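Notes follow once the structure below has been shown.
Nothing here was measured: the structure is a model prediction, and the numbers come from that model. Starting from 1, each residue takes its place in the sequence as its number.
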Amino acid sequence: MLNAGLLRRAYLETRWTTLVFGVCVLLISTLLHFALPRFQKNLEAFQLPAARLTNLNNIRNAMLGADVSNAGGREIAAGVAWSHPFFLALIFAQVITVCTRVPAAELDRGTMDVLLGLPVSRSQLYFSETAVCVATSAVVVGLAVAGSRIGNTMAPLGMAPDLPPVLIIAVNLLLLNVAVGAFAMGCSAVLGRRMHAVAAVLIVVVGSLLINYLRLLWEPARHIAFLSILDYYRPIIPLRDGQWPWKDMAVLGGTSLALWVAAGAWFFRRDLSTT
């Protein structure tokens, strides 16, 4: 189902995008994992009033999507770094950019007829684009892990998490990113215009972020928390418990597969002519 020419074409089109976003993710990950443990260490040295401590814990709970009252300082610092909205925005921006190229960007440029005029099938095109989307996501997540380890080498003593929980988070984050990518591929296939596809994905992603932050602060948000993709990505749990979030990962994997199959079915059947 894979075509070497299509893979090379996709690689050439996405390499600079992946490199730019990857370097940005590496730098922001390094900065977060350098700064937040220091901030947490300094915070623990002060005796905050109970009211301020409660407010601070509420903010942390909202960002991490879980109760952190029984978590240690290094787990909280690392969890916030892996859940920081700016960090996640860069991760999602990369996969949205890559996964809305075909067919939406080709239709916008008027080159879809040329692409489908090549001696390749739609299935080869779809599978090749899928492989590149997953591969580039893995590269960016890998750079996030590298940034976290670089930042942790400069963290205060005892504030750097162990490697096994970080790898668990990385796998969970990759599945989250693949789910966003599968939805982006579906929007690209259904809407047919890149701007519309990107806007649709952004609405869902921003909505997920909003629900995730409100779930522990606003009662109605708790009832719809399962609709947020970030409900299945909570780094604090592997950091605190050292366990694989199998249920959350299964939900993300199943959602990705369902969205990918639906996107492919629409892509195979719809008229993609630009003339």
Side-chain angles (χ1 to χ4, degrees), residues 25 28-29 31-33 35-36 39-40 43 48-73 75-96 141 144 165 168-170 172-184 186-187 197-241 243 245-256 258-259:
V25 167
I28 192 64
S29 180
L31 178 61
L32 289 173
H33 287 274
L36 290 177
F39 174 77
Q40 180 66 30
L43 191 64
L48 293 179
R52 291 188 179 182
L53 187 60
T54 300
N55 292 334
L56 180 61
N57 285 334
N58 287 336
I59 294 174
R60 290 170 172 172
N61 292 344
M63 181 173 291
L64 296 173
D67 187 1
V68 299
S69 58
N70 58 346
E75 288 80 15
I76 293 175
V80 172
W82 282 102
S83 304
H84 198 281
F86 187 49
F87 169 76
L88 292 177
L90 288 173
I91 294 285
F92 293 152
Q94 182 273 333
V95 76
I96 292 172
V141 172
I168 296 174
I169 295 171
N172 198 174
L173 178 60
L174 178 59
L175 288 173
L176 175 69
N177 214 32
V178 169
V180 174
F183 182 68
C187 291
V198 170
V201 182
L202 287 178
I203 290 173
V204 172
V205 170
V206 172
S208 293
L209 286 168
L210 183 61
I211 293 173
N212 187 66
Y213 291 153
L214 292 178
R215 57 175 296 179
L216 296 178
L217 303 175
W218 187 41
E219 182 64 28
R222 299 182 185 180
H223 303 300
I224 59 173
F226 69 95
L227 296 176
S228 170
I229 56 173
L230 292 175
D231 190 47
Y232 310 101
Y233 171 71
R234 289 172 289 178
I236 190 64
I237 294 178
L239 290 166
R240 183 186 60 194
D241 305 331
Q243 298 179 352
W246 295 113
K247 182 179 178 181
D248 293 340
M249 293 168 63
V251 171
L252 289 174
T255 302
S256 301
L259 290 171

What distance separates Met249 CE from Leu174 CG, expressed to the nearest 0.5 Å? 9.0 Å
When rounded to the nearest 0.5 Å, the distance separating OH of Tyr233 from CG of Asn212 is 11.0 Å
Which pairs of donor and acceptor atoms, one on a side chain in residues 222-230, lie under 3.5 Å apart (sequence neighbours left out)?
| residue | atom | partner | partner atom | Å |
| --- | --- | --- | --- | --- |
| Arg222 | NE | Arg215 | O | 3.0 |
| Arg222 | NH1 | Glu219 | OE1 | 3.3 |
| Ser228 | OG | Ser208 | O | 2.8 |
| Ser228 | OG | Leu230 | N | 3.3 |

Would you give the length of the straight line joining atom SG of Cys187 to atom CD1 of Ile203, rounded to the nearest 0.5 angstrom? 9.0 Å
Nearest non-hydrogen partners of Arg234 and Asn172, listed with the distance: N-OD1, 4.3 Å
Heavy-atom nearest pair, Pro238 first then Pro165, reads O-CB, 3.6 Å
Pairing residues for Phe87 by the ring pair (Phe, Tyr, Trp, His ring centres under 6.0 Å) criterion, not counting sequence neighbours: Trp82
To the nearest 0.5 Å, what is the distance between CG (Asp248) and CD1 (Ile237)? 6.0 Å
What's the shortest heavy-atom distance between Ala144 and Ser29, and which atoms? O-OG, 2.8 Å
Beyond-backbone contact of Ile91 with Val95, side-chain heavy atoms, under 4.5 angstrom: no
Could you go step by step and tell me if Gln94 and Asn177 meet the side chain to side chain contact (heavy atoms under 4.5 Å, CB included) rule? CA-CA 9 Å; Gln94 182 273 333; Asn177 214 32; 4.0 Å; yes
What one should report as the nearest heavy-atom pair of Phe183 and Ala200 is CE2-O, 4.0 Å
Distance col, row Ile96:CD1 vs Leu202:CG, nearest 0.5 angstrom, shows 5.0 Å
What's the separation between atom CG in Leu252 and atom OH in Tyr232, rounded to the nearest 0.5 Å? 8.0 Å
Which pair of heavy atoms, one from Ser83 and one from Tyr213, lies closest together, and at what distance? O-OH, 3.9 Å
For the residue pair Leu173 and Leu176, establish whether any side-chain heavy-atom pair is separated by less than 4.5 Å. yes
